[in-house]
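Take a look at the structure below.
By convention in this document, chain letters (A, B, ...) are assigned in the order of the sequence lines, proteins followed by strands, and residues within each chain are numbered from 1. Predicted, not measured: the structure shown is a model, and the values here were computed from it.
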Number of protein chains: 2
Amino acid sequence: MRTPTMREVAALAGVSIKTVSRFVNGDETVSPAIAERVRAAIDETGYRRNDLARSLRPGQRSTTLALLVGDLTNPFYGSIANGVMGVARAHGHNVVLASSDEDPEAERRGIDDLLGQRVAGLLIVPGAMDYGYLGREVDQGTPVVFLDRPALGLDADTVLLDNHGGARKATEHLIAAGHRRIGVVVAASHHTTGRRLDGYLDAMRAAFGEVDEALVARLEHGTRAEAEQAAAELLALPPDRRPTALFTTTNFLTHGALRAMGPGQGTALVGFDDFPFADLLPTPVTVVSGDADEMGREATRLLLTRIAGQSGPPRRVELGTVLIPRGSGEQKP
Amino acid sequence: MRTPTMREVAALAGVSIKTVSRFVNGDETVSPAIAERVRAAIDETGYRRNDLARSLRPGQRSTTLALLVGDLTNPFYGSIANGVMGVARAHGHNVVLASSDEDPEAERRGIDDLLGQRVAGLLIVPGAMDYGYLGREVDQGTPVVFLDRPALGLDADTVLLDNHGGARKATEHLIAAGHRRIGVVVAASHHTTGRRLDGYLDAMRAAFGEVDEALVARLEHGTRAEAEQAAAELLALPPDRRPTALFTTTNFLTHGALRAMGPGQGTALVGFDDFPFADLLPTPVTVVSGDADEMGREATRLLLTRIAGQSGPPRRVELGTVLIPRGSGEQKP
DNA sequence: TTGTTTCAAAACAACGTTGTCTCAGCTCGC
DNA sequence: GCGAGCTGAGACAACGTTGTTTTGAAACAA
């Protein structure tokens, strides 16, 4: 059985297609007798309006927003998706999800697909590729909002965390606890973690002047395993060069570093990004954290105002971070 | 600026619409000179094929799969979504996401929306509502696959975990460690946790005969907070009635129970569902776990075979579970 | 040169819907 | 009794594509 069309319903009810359309869309100008016939025909055929055909009409835009996000297994991205979907649904929009954690070429193909489907707008957690070509789509009425990091090649609305400030806050917290030699574990390539590194460096320089490069562990990919090894190496330095505290710049890296420390967790640590069970670890973990859910919500709000037609220069929103002291960051050297 | 159409490109290039269509779709029968004119016109206008209009043509089905899933903040659902998207993308399908964690009416509205958009198939983590009305859509060519629990009112392809077997395995593991009084924390209403409770009861009965109802903590909603309180009450029972081990039936409940135990974690525990950091807790947590990612993948594979036209009776796939001993489940009474 | 073949490109119809226009029938007032 | 006014319902076109048919022109053989 195929999906029935309006034409078939109309034939069954013995009326014209347009009358079925009127009934389906709640037009008042359908007499009760005819309306009942149409209702019965719809019921019998299981007719359902085809919104694809509907949105083809002039001036119509799809109501679907597209979200390009990294690995959904990461609770950070899960929260973003959650926030996006909440606001979208509240405004009657659907959300298509695409993954951006692949190579740039696959990502570009994915975006092209979505544009071909005439989504109403794009929410993108940008990767390393150049997004300049999207400028034309923006001009043609498909707004774009970037989340978590600014995009290369396109100056559009962007929602970020205050990565620099948060990292600075984390580092100063460790300094206030009496630490001088504070190691940092950071993924080399990302903009976000770059800003976090800068925040760390600024705090360190403000307190002690020059920063010992040996304290900075730069990872290539930012995986848990890399972090574990890097942290282990930091902690294996001779006592005079060994850090007494660590600042880990993402939740994955925090996980890796904790693993390197083992159950004792003798070294002080502050992590960027909160994570579940942080409060249940042997030494509960102090973190600096932004609200990913709110990031998704705010980005969606921005996108919706653009879809509604608001023009104007790109906006950049920076969401604040909070430091949650739980124990690991308050340990003395 | 509006999105240009084929008509506009054709006008600019001085050819017919159809010729643009031929060029865009890689038809060989376009002479090089004309092809170049069309290419230039597309470039100048920023034309992009409208896949909505395209899929309106007879016999065309959208390439979009819909996924209805609960709270994406839960890593379990995040992994499912991850698996779904991986397989979908590998087969050239997009994924629309909708949330099912609301009231049944909102969920039904969401499903209706998706059907109106003529998605190629539905992947649903069912809630408490009756899905019978989807039978008609299935007949009309929109297949449905359920994940994680069977749906009320519709017998369709379903991918489940072996909840009964996993729970039994967990309970027997605790029994083997010497426990006799094993408490269980379970959400009352869900099918999934119901099966897990059955697995627990079967293991207990097989070992000891009748099960003391005082050992079974039934929660109304299955939240962390509820679990924390219920676990605290179990552990506060007088010594002769107090359980010496707990079996918690979801990761949220495990989290709550661990909180109730405090840092000591003196009571043995096995949880259903793995979770990050389980290995880093003071007493690393033994879990029974299924592969959510694989569940998403398998469900998507089933859906794709249906979309490809395979008929036949509903299939039910049960994925196995593994017990991961980490310490908490091996503690003696 | 003329008839035939070949092929690129145009014309047309259709997909399922809705906005606009038109028309038929009715009611009402004079 | 007849035109004006109204109202319910049908006809038609259009949205942006693509499959099919048709056209036109060039190429070639007789």
List for me each residue that meets side-chain contact (heavy atoms from CB on, under 4.5 Å) alongside [X], sequence neighbours excluded, and say none if there are none.
X	answer
A/D27	A/R22, A/T29
A/D113	B/N94
B/R49	B/V24, B/N25, B/Y47, B/D51, B/R54

> Under 4.0 Å between a side-chain N/O of A/S31 and OP1 or OP2 of D/dA9, yes or no?
Replying inline: yes
> Is the side chain of B/T158 donor-acceptor paired with the backbone N or O of B/A156 at a distance under 3.5 Å, no angle test?
Replying inline: yes
> Checking B/E8 side chain against B/T3 main chain: does a donor-acceptor pair fall under 3.5 Å?
Replying inline: no
> So where does chain B start and stop touching DNA chain C, 5' to 3', when the test is distance under 4.0 Å to a non-hydrogen atom?
Replying inline: C/dA8 to C/dG16
>> Nearest whole Å is fine: how far is D/dA9 P from A/M6 CE?
In response: 15 Å
> Roughly how bent is the helix from C/dT1-D/dA30 to C/dC30-D/dG1 end to end, in steps of 10 degrees, with each end axis from five pairs?
Replying inline: 70°
Pull out every protein N or O sitting under 3.5 Å from an N or O of nucleotides 19-21 of chain D, one pair per line with the distance.
unit_1	atom_1	unit_2	atom_2	d
D/dG19	N7	B/K18	NZ	2.7

Would you mind classifying the nucleic acid contact of [X] as base, sugar-phosphate or nothing, using non-hydrogen atoms under 4.0 angstrom?
X	answer
A/L52	nothing
B/N25	sugar-phosphate
B/F23	nothing

>> If the condition is salt bridge (Lys or Arg N to Asp or Glu O under 4.0 Å), which residues does B/D112 pass it with, not counting sequence neighbours?
In response: A/R48, B/R108
> For B/D291, what residues pass the salt bridge (Lys or Arg N to Asp or Glu O under 4.0 Å) criterion, not counting sequence neighbours?
Replying inline: none
Would you give me the side-chain donor-acceptor pairs under 3.5 Å for residues 146-154 of chain B, sequence neighbours excluded?
unit_1	atom_1	unit_2	atom_2	d
B/R149	NE	B/P126	O	2.6
B/R149	NH2	B/P126	O	3.1

> Of all residues at least two apart in sequence or in a different chain, which pass the side chain to side chain donor-acceptor pair (under 3.5 Å) check with A/T305?
Replying inline: A/R315
>> Quick test of your reading: applying side chain to side chain donor-acceptor pair (under 3.5 Å), list the pairs with at least one residue in residues 121-133 of chain A, sequence neighbours left out, ordered by first then second residue.
In response: A/E107-A/Y131
> How would you list all residue pairs meeting salt bridge (charged side-chain N to carboxylate O under 4.0 Å, His left out) that involve residues 37-47 of chain B, not counting sequence neighbours?
Replying inline: B/E36-B/R39
